[in-house]
Amino acid sequence: MKDLWLKISCFFTGFNYQIVKNSSEAAAKMVKKNMSALIIISILWAFIGFNFTSRYLHGNTFTSLIVALVMVVVVIQIERQILLNVTSSKGAITFRTIIGVIMAFIGSIIIDQIIFKDDIEQGRMATVQQRVNQILPMKTSELKEQIAQIANAIEKKEEERNQILAELGKKPTISTPTSVGKYEKDSTGKMVMVGREVTYQSLPNPKASLIPQIDNQLAQLRSELTKKEEMLLNIRSEIENEMQAKTGFLDELTALYRIVTSSVVSILVWVLFFFFFASMELFILVNKISDKHTDYEDIVLHQMDIRRKQLEKLKG
């Protein structure tokens with residue numbers, strides 16, 4: 001079990017297990033210590049990645065877990081840049097410090113947005129009300145214009161219907177002339193037309209068939225008018241629900257800024273979280289700088305010197 005944990009630690013930190021195994025106990029403890037710090041940082045960023053994806057990217061549980069895993073992999077690869085340095089590099093230390101401060105700043109912001117969730121929600125409500133007040137007049141004007149157009153169309157259709165009904169009242173039927181030819185025999189016995197006989201047939205007025213069509217059109221227009229009027233009555237609540245359903249990262253960030261800068265206590269809480277994240281991010285870096293070289297680094301450097309000398313001989 002002891003070797004298993006050492007193998008796992010070497011795998012994640014990037015150390016060579018065979019060299020660590022043949023080195024002193026100090027080298028093995030150094031690897032395990034770095035692994036413990038790596039686990040703490042990975043858990044922290046897995047939590048941040050999961051919550052950020054779930055809350056702001058609206059991902060499901062599976063997607064959030066995938067992002068959390070990706071964050072862990074990224075953190076491990078970043079920390080390896082320091083862990084696998086066998087020599088002190090001021091450039092690498094400076095760059096890792098900058099990355100650590102940036103990551104601490106981002107992490108503290110995301111965690112604070114989770115902690116101050118209720119306070120941020122109250123701030124968002126005030127912002128939503130302001131935006132609703134800006135959008136409402138335009139939306140209301142558009143709906144009123146649509147309602148007026150539909151009402152005007154209904155009025156025209158009703159006028160057309162009344163005109164047809166008035167005409168049907170005066171002329172419920174129409175006379176249709178039908179002509180029939182009259183034929184007589186001439187002197188040769190051949191039938192020839194000598195004239196035409198016109199008869200009149202009474203038929204229902206064809207405009208009566210337009211009434212059902214107009215009634216259907218009026219029913220559709222009245223139904224649409226009712227929907228538009230209901231939308232006009234509920235337009236404010238619909239706009240509010242639409243805005244509240246969308247959780248914007250920048251909106252909450254703005255609300256968080258207002259909350260943090262509103263009092264000394266909130267500033268103190270944010271500063272504490274920032275330093276906590278900064279300490280976690282720079283944990284491995286500080287360990288790397290403060291720890292003395294173990295025989296593991298000496299073995300690696302020795303192998304590098306031997307290899308360099310061999311290459312020089314080959315060149316010579």
Side-chain angles (χ1 to χ4, degrees), residues 33 36-61 63-65 67-72 74-76 78-79 82 93-136 236-237 239-290:
K33 182 175 67 173
S36 299
L38 195 59
I39 290 174
I40 295 173
I41 299 173
S42 299
I43 292 174
L44 197 61
W45 278 100
F47 176 78
I48 292 172
F50 182 90
N51 282 276
F52 183 84
T53 305
S54 176
R55 183 170 178 80
Y56 300 108
L57 302 182
H58 307 290
N60 54 29
T61 303
T63 305
S64 301
L65 288 173
V67 174
L69 180 60
V70 171
M71 292 298 295
V72 170
V74 170
V75 168
I76 290 175
I78 291 174
E79 298 300 343
I82 293 298
I93 293 173
T94 302
F95 188 67
R96 180 63 186 91
T97 303
I98 294 172
I99 293 177
V101 172
I102 294 172
M103 293 178 70
F105 187 76
I106 295 172
S108 61
I109 287 175
I110 296 174
I111 292 297
D112 285 344
Q113 284 179 316
I114 297 171
I115 294 173
F116 294 116
K117 180 181 178 180
D118 294 336
D119 298 314
I120 291 173
E121 194 64 30
Q122 293 178 359
R124 282 187 69 247
M125 287 295 295
T127 304
V128 165
Q129 291 300 322
Q130 292 176 358
R131 292 183 178 179
V132 169
N133 293 334
Q134 293 174 354
I135 298 173
L136 187 61
R236 186 178 187 89
S237 60
I239 296 174
E240 288 178 354
N241 293 334
E242 183 180 353
M243 288 189 172
Q244 290 175 4
K246 298 177 180 178
T247 306
F249 178 73
L250 294 179
D251 289 340
E252 292 201 351
L253 187 61
T254 303
L256 177 64
Y257 174 77
R258 292 173 183 171
I259 293 169
V260 170
T261 56
S262 63
S263 66
V264 177
V265 175
S266 56
I267 293 175
L268 180 61
V269 171
W270 185 85
V271 169
L272 287 174
F273 272 104
F274 173 76
F275 278 110
F276 170 75
F277 275 95
S279 300
M280 290 297 100
E281 287 297 327
L282 302 177
F283 197 1
I284 292 179
L285 179 62
V286 172
N287 283 344
K288 185 71 176 179
I289 296 173
S290 59

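Both backbone and side-chain heavy atoms feed into the values below; hydrogens, waters and symmetry mates do not.
Side-chain contact between F47 and N51 is present, with at least one heavy-atom pair separated by less than 4.5 Å.
Taking each heavy atom of G49 and V67 in turn, the nearest pair found is O-CG1, 3.9 Å. Taking every heavy atom of both residues into account, A68 and A46 meet most closely at CB-O, 3.4 Å. Nearest heavy-atom pair, G59 versus S64, reported as atom, atom and distance to 0.1 Å: O-OG, 3.7 Å.
To the nearest 0.5 angstrom, S279 atom OG is 10.5 Å from I41 atom CD1. In this structure, the separation between OG on S54 and CG on L65 is 10.0 Å, given to the nearest 0.5 Å. How far CD1 of I99 is from CD1 of I78: 5.5 Å, rounded to the nearest 0.5 Å.
Considering only residues two or more places apart in sequence or on other chains, I267 meets the side chain to side chain contact (heavy atoms under 4.5 Å, CB included) condition with V260, V271. Residues passing the side chain to side chain donor-acceptor pair (under 3.5 Å) test with T63, sequence neighbours excluded: N60. Every residue meeting the side chain to side chain contact (heavy atoms under 4.5 Å, CB included) condition with L44, not counting sequence neighbours, appears here in chain and number order: F276, F277, M280. Listed by chain and number, the residues in a ring-ring contact (aromatic ring centres under 6.0 Å, His included) with F50 amount to none (sequence neighbours excluded).
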Taking it one step at a time, do I48 and M71 satisfy side chain to side chain contact (heavy atoms under 4.5 Å, CB included)?
CA-CA 9 Å; I48 292 172; M71 292 298 295; 5.6 Å; no
Could you tabulate the donor-acceptor pairs under 3.5 Å formed by side-chain atoms of residues 100-107, not counting sequence neighbours?
none

